[in-house]
Novice: 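Could you have a look at this structure, given as structure tokens, before my questions?
Remember, it's a predicted structure, so these values are computed and weren't measured experimentally.
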Amino acid sequence: MQNEAPHLLEEREKQTRREGLPELNSAQKGKVVLRFAPNPNGPLSFGHARGIIINGEYAKEYEGELILRFDDTDTTVKPPLPEAYAIIEQEAEWLLGFKPHRIIIASDRIDQYYRHVDIMLSGGFGYVCQCSADEFREFRVSKTNCPCRANEIEPNIELWNKMLDGTFVPGDAVVRVKTDMELKNPALRDWPALRIQDTIKNPHPRKEIGSKYRVWPLLDFQSAVEDHLQGVTHIIRGKDLMDSTRKQTLLYQHFGWQYPETMYWGRVKVHEWGGFSTSQMRKDIESGKFTGWSDPRLPTIAGLSGTGIQAEALRNFWIELGVTQKDISVPLSSLYSHNTKIIDDDAPRISFIRDPILLALSGNQQSIVEIPTHPNFPAMGSRKIQLNSQQVLIESTDYGEGKLRLKEFADFDISEKSAEFISQERSDARKIIHWASVDTSSKATLQTVNNGQISKIEGVLEHHNLLKGDVVQIERIGYGVIGENNTIIFTHD
RNA sequence: GCUCGUAUAGUGUAGUGGCCCAUCAUGAAGGACUCUCAUUCCUUCGACCCGGGUUCAAAUCCCGGUACGAGCACCA
């Protein structure tokens, strides 16, 4: 057997678990181009992070390029927010750990899209349709051609010019891609490519664009043309855009282009969060319900980073979820677990005493206590706690235990708001609690978010020389970020 | 309604016909370490939606069912 069929004897190596993202189809190192294309109608939120992180990771892995493209072609329903462009650029870089290789703004590229309308019209695979949305809906369901479909090339070009020159107003006409009204999937039947917007009433928020254009491409057309112009090789996006791929593939066939490889992910719900849409958040911020895009209650990138969530944690989180088409619901604890792994090694320890109770010390204890900044890393130094006034603060919930050990200090017997020194070494298995000296602590607030509500816990915080934004571990409580005015923003436990 | 898609432990994921009485992470429970209810380490728990079929062999292929989701916007 050894000689006749050696392969049967070969110890098959146990297949190892695939790490990270699945491979890209027909991808060559150095030759992939991916893109992330948000509508800049607000800064990035949690869900956008998936798009940018997954596409960005692939770009990195395959030594390719990532394009950040602003799909800002709607001035009416979800108009762009002027300041969002710059913010998104920064947030994208923060999330990725590198700058996107190219930045494209759709509203700068309208002439390119018009140029392709000309090709489409003169090639006879597009037409100007003057049916109302309602009328066309009926044609779509009954699988019948609308009358405009029969227009010759010349009349189509005339009608197109009427769209451009203002003869037509919004609703009068759209440009459609000629597919086939008998297609099985109703979504694909002669889909709309461009429409007219009232940019006098609703100018584009970018000053340089304003009311310059009346005819604007819809997503499927704009995105399809731009992907081709930019040489995009792989598109990874939500599965809600599957029919978009099918529509765009039909357009690509007309143009004689090859459609990029596609991958999709399913819907993600975070158990602890309700439904947030960018438009709704924008309204709620404008009405004062939230303080801004970085409000800690909001699932925005600004909100998350402000409460101490790290970009690397977000990256690990989204990479772990991968690109499956399943609709999933994840608990926040999963993100927090990634975050803890990132921050714990670097987080200085600090004491925050909730609802403090003052105890007078009696006995022969030290007057200065040194506590390591991080128990696992002595190199991070230590905190020196002065006890000149011999008074300490402990949490009210710890008071009443009777016998307590003040962490890294000494054992005490507690009664009547005073603490009697027992020993510096551990004398028994009494509970160890965190504490603060009145000499080296001051009033502070711990801000937490619980089911969409901000709550502020009053207490005292050990003195420190940390800076705003530093991530700390609050002993026996959890992790937090140093905020302004002696507040500490809770991250998670 | 029409069309498209997905279904593996509580949650998320690996697995593309024999390595699988199923991977890893998270979670829960227990333990070790630790002067934090942290970190680290160890142990345990726990799953292939249902029913047919193809095959010597199916989590993996096919059909049907069920469940969930998405598209059918002059939004992205």
Novice: If you measure from the P atom in B:rG10 to the same atom in B:rG46, how many Å do you get, rounded?
Specialist: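 About 10 Å, rounded to a whole number of Å.
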Novice: What nucleotide, of B:rC72, B:rU39, B:rA7, holds the atom closest to the side chain of A:D345?
Specialist: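 Nearest to the side-chain atoms of A:D345, counting from C-beta on, is B:rU39.
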Novice: For B:rA57, give its Watson-Crick or G-U wobble partner with both distances under 3.5 Å, or none.
Specialist: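 When the pairing criteria are applied, nothing turns out to pair with B:rA57, so the answer is none.
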Novice: Could you check whether A:R206 makes a cation-pi contact with A:F70, meaning its NZ or CZ is under 6.0 Å from the centre of the six-membered ring and within 45° of the ring axis?
Specialist: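 So A:R206 doesn't make the cation-pi contact.
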Novice: Select one nucleotide: of B:rU26, B:rG69, B:rC75, the one nearest the side-chain heavy atoms of A:D74.
Specialist: B:rC75
Novice: Please give the nucleotide sitting opposite B:rC4 as a Watson-Crick or G-U wobble pair, both distances under 3.5 Å, or none.
Specialist: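 B:rC4 is paired, partner B:rG69.
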Novice: Quick one: which of B:rG5, B:rU13, B:rA70 gets closest to the side chain of A:D327?
Specialist: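 Out of B:rG5, B:rU13, B:rA70, the nucleotide with an atom closest to A:D327's side chain is B:rG5.
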Novice: Using side-chain hydrogen bond (donor to acceptor under 3.5 Å, both in side chains) as the criterion, point out the one residue from A:Q222, A:Q230, A:H228 that pairs with A:E226.
Specialist: A:Q230
Novice: Quick one: look up who B:rA47 pairs with, Watson-Crick or G-U, both distances under 3.5 Å, and put none if it's unpaired.
Specialist: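 With both distances under 3.5 Å required, B:rA47 matches none.
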Novice: Please report the distance, rounded to the nearest Å, between NE2 in A:H204 and C1' in B:rA76.
Specialist: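 These atoms are roughly 13 Å apart.
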Novice: For A:R383, is there an ion pair with A:E475 - N to carboxylate O distance below 4.0 angstrom?
Specialist: yes
Novice: Using the P atom on both, measure B:rU26 against B:rC4 and round to a whole Å.
Specialist: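 The answer is 40 Å between these two P atoms.
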Novice: Tell me whether the OP1 or OP2 atom of B:rU13 has a side-chain N or O from A:T324 closer than 4.0 Å.
Specialist: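 Affirmative; the distance criterion is met.
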Novice: Below 6.0 angstrom between ring centroids: does that apply to A:F46 and A:W318?
Specialist: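 That pair passes the under 6.0 Å test.
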Novice: If B:rC74 has a Watson-Crick or G-U wobble mate with both distances under 3.5 Å, name it; if not, just say none.
Specialist: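 Partner of B:rC74: none found under 3.5 Å.
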Novice: Taking the side chain of A:R354 as heavy atoms from C-beta outward, which of B:rU40, B:rC37, B:rC72 is closest to it?
Specialist: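 Nearest nucleotide to the side chain: B:rC37.
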Novice: Out of B:rG5, B:rG12, B:rC74, which nucleotide sits closest to the side chain of A:M242?
Specialist: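 The listed nucleotide nearest to A:M242's side chain is B:rG5.
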Novice: On a whole-Å scale, what distance lies between the C1' atoms belonging to B:rA14 and B:rC68?
Specialist: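 Each nucleotide's C1' atom is 23 Å from the other's.
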Novice: Please measure how far the P atom in B:rC61 lies from the corresponding atom in B:rU6, and state the result in whole Å.
Specialist: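 Those two atoms are separated by 11 Å.
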Novice: Of all the nucleotides listed (B:rG69, B:rU39, B:rG12), which has the minimum atom distance to the side chain of A:T340?
Specialist: B:rU39
Novice: Please give the distance between the C1' atoms of B:rU40 and B:rU34 as a whole number of Å.
Specialist: 10 Å
Novice: Can a donor-acceptor pair be found between the side chains of A:Y85 and A:D72 at a distance below 3.5 Å?
Specialist: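 Yes, side-chain donor-acceptor contact under 3.5 Å.
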